[in-house]
Amino acid sequence: MFILKTESLTKKYGSESQPIYALRDLNMSVEAGEFVAIMGPSGSGKSTALYLMGGLDRPTSGHVWLRDKDITTMNDDALSKVRRESIGFVFQFFNLIPVLTAVENVAMPLILDGVPRPQALERAEAALKQVDLANRASHRPSELSGGQQQRAAIARALAAKPAIILADEPTGNLDSRSSDEVVAVLRRTVDDFGQTLVLVTHDPRVAAHADRIVFIKDGNIVDENRLKGADRAEQIREKLGRVAMSEG
Amino acid sequence: MSVKFTLLALLHQRPMHGYELGKQFSSIMEADWDVKPGQIASTLARMKDGGLVDYEIAESSDAPDRKVYSITDEGRADLELWYRTPEVRDYRLSDTFYIKLVLSILGGPVPPEQVLSAQRRELYQQLHNVTEMLRKTDARKQLPWVLLLESATMHLEADLRWIEMCEAHLPDLKHYTPPKPPPRQRGRPRRHATPERESDGALGGSSEA
Ligand SMILES: Nc1ncnc2c1ncn2[C@@H]1O[C@H](COP(=O)(O)OP(=O)(O)O)[C@@H](O)[C@H]1O
Ligand SMILES: [Mg+2]
């Protein structure tokens, strides 16, 4: 059973006379408890796909199904409710509020959503535990390493118990050690908590942790893979090279 | 971009006449780096005066006589020094887009979100152009050109990443107020307690009283 499905998802930029398709008839579906990585060259439409899946942006045409609901036909209020309740976002830049502690940062969206402060903080602490950051709960972002800040941002996304987490280059701003730390945490939320996760990355070492990799180019899927074996990162690197050079 | 050193490098291979130099020049530089024949001739003349190149007149029965240029020892030394001197990249600490963004944050007719978005569109357009050029290039035959295009891609990606970073920081940036300039000192100039700091005024920029 899918959690999220796109149907001929299309996003057009530019003028009528010179349209640029950021996404063209994208059809993909994500199963419950699945970890899908999206890869592709710069400008191929990865972020656009993720934003549309998360209702952060509206498609030019096509649909996004979140379980049995088509989020593309919802009005702004309904969409924003779905976003808050069912979708967790993680970005390349952590977007933590500098003056708040880690646990306050994680609790913030819940409090804004009307959860009483004590419960919100309790759930925030549980989420921090999930990302191995319980012992840093009262630190401010500036007192955390890059990897720890990103884990706090992941905890913030997890706290609302979303149906799906959408992560756009979550390790894009991290060194390779912090990056390993972050992917390990993400992988564990899938394995131990059944979290569904879609992650955009151009790092083969990160994508190697996914259950399935979708390669996109010029706004459409050009390849799809479940890779096995210890040399997955190498296989992915090779595939990426072939995708980039292929005719559009 | 140095016409002078390109010519010296070509002449280092073998002596050539002006027309040949012009042809070699444009075949190496696939990018549309415009050099006019006049520019090559005037550079050669200047280098001859400076003793970096010399020429012999090649007489020909069926064509006008031509000057065949060759590199001198002095020219060779100059060329070698050029190769060994690293190129310094401009880190764009006075980026014009950045100035535009900061000014838009201070308030104005166009909000910073739209300033960022217009810039992003332009960067994507350029990225598309470079990607298209890359796709049309045969890496086996034109590797140097491919590497140059890859460099352009990487810089554009970095610029796009930076735009994303600015966007992520916009909420914080909006609370930014530029520091007030220190009050102007009147009368007798202040004595600096630490005179050695005076020398780094070029970077600090705030040492003027
Ligand atoms: N704000 C924008 N304005 C204009 N075009 C855009 C904008 N954002 C994205 N695009 C277009 O959509 C394409 C895909 O962008 P994006 O999804 O950000 O790519 P990726 O995340 O794979 O690097 C870009 O190549 C560009 O043509
Ligand atoms: Mg992107």
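Chain letters run A, B, ... following the sequence lines, proteins first and then strands; every chain starts at 1. Excluded from the calculations below are hydrogen atoms, water molecules and symmetry mates; all remaining heavy atoms, backbone and side chain alike, are included.
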Original post:
Based on non-hydrogen pairs under 4.5 Å, which of B/Met165, B/Glu157, B/Glu132 is most in contact with chain A?
Top reply: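 The answer is B/Met165.
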Original post:
Which residues in residues 8-20 of chain B have any heavy atom lying under 4.5 Å from a heavy atom of chain A?
Top reply: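 Interface residues of residues 8-20 of chain B: none, nothing closer than 4.5 Å to chain A.
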Which bit of [X] is near chain A, if near means a heavy-atom gap under 4.5 Å: side chain, backbone, both or neither?
| X | value |
| --- | --- |
| B/Arg121 | neither |
| B/His128 | side chain |
| B/Gln125 | side chain |

Subject >> pair A/Phe93-B/Glu164: side-chain heavy atoms closer than 4.5 Å >> reply: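 Counting from C-beta outward, A/Phe93 and B/Glu164 do come under 4.5 Å.
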Original post:
Is there a side-chain contact between A/Pro41 and B/Thr131 (heavy atoms, below 4.5 Å)?
Top reply: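 Contact flag for A/Pro41/B/Thr131 side chains = no.
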Original post:
What parts of residues 164-175 of chain A touch chain B if we use heavy atoms and a cut-off under 4.5 Å?
Top reply: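 A/Gly172, A/Asn173, listed by number.
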Is the number of heavy atoms from other residues, nucleotides or ligands under 6.0 Å of [X] [atom1] greater than 12?
| X | atom1 | value |
| --- | --- | --- |
| B/Lys100 | NZ | no |
| A/Arg177 | CZ | no |
| A/Arg58 | CZ | yes |

Original post:
Quick one: what part of A/Ile20 sits under 4.5 Å from any heavy atom of chain B, side chain, backbone, both or neither?
Top reply: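 For A/Ile20, side-chain heavy atoms alone lie under 4.5 Å from chain B.
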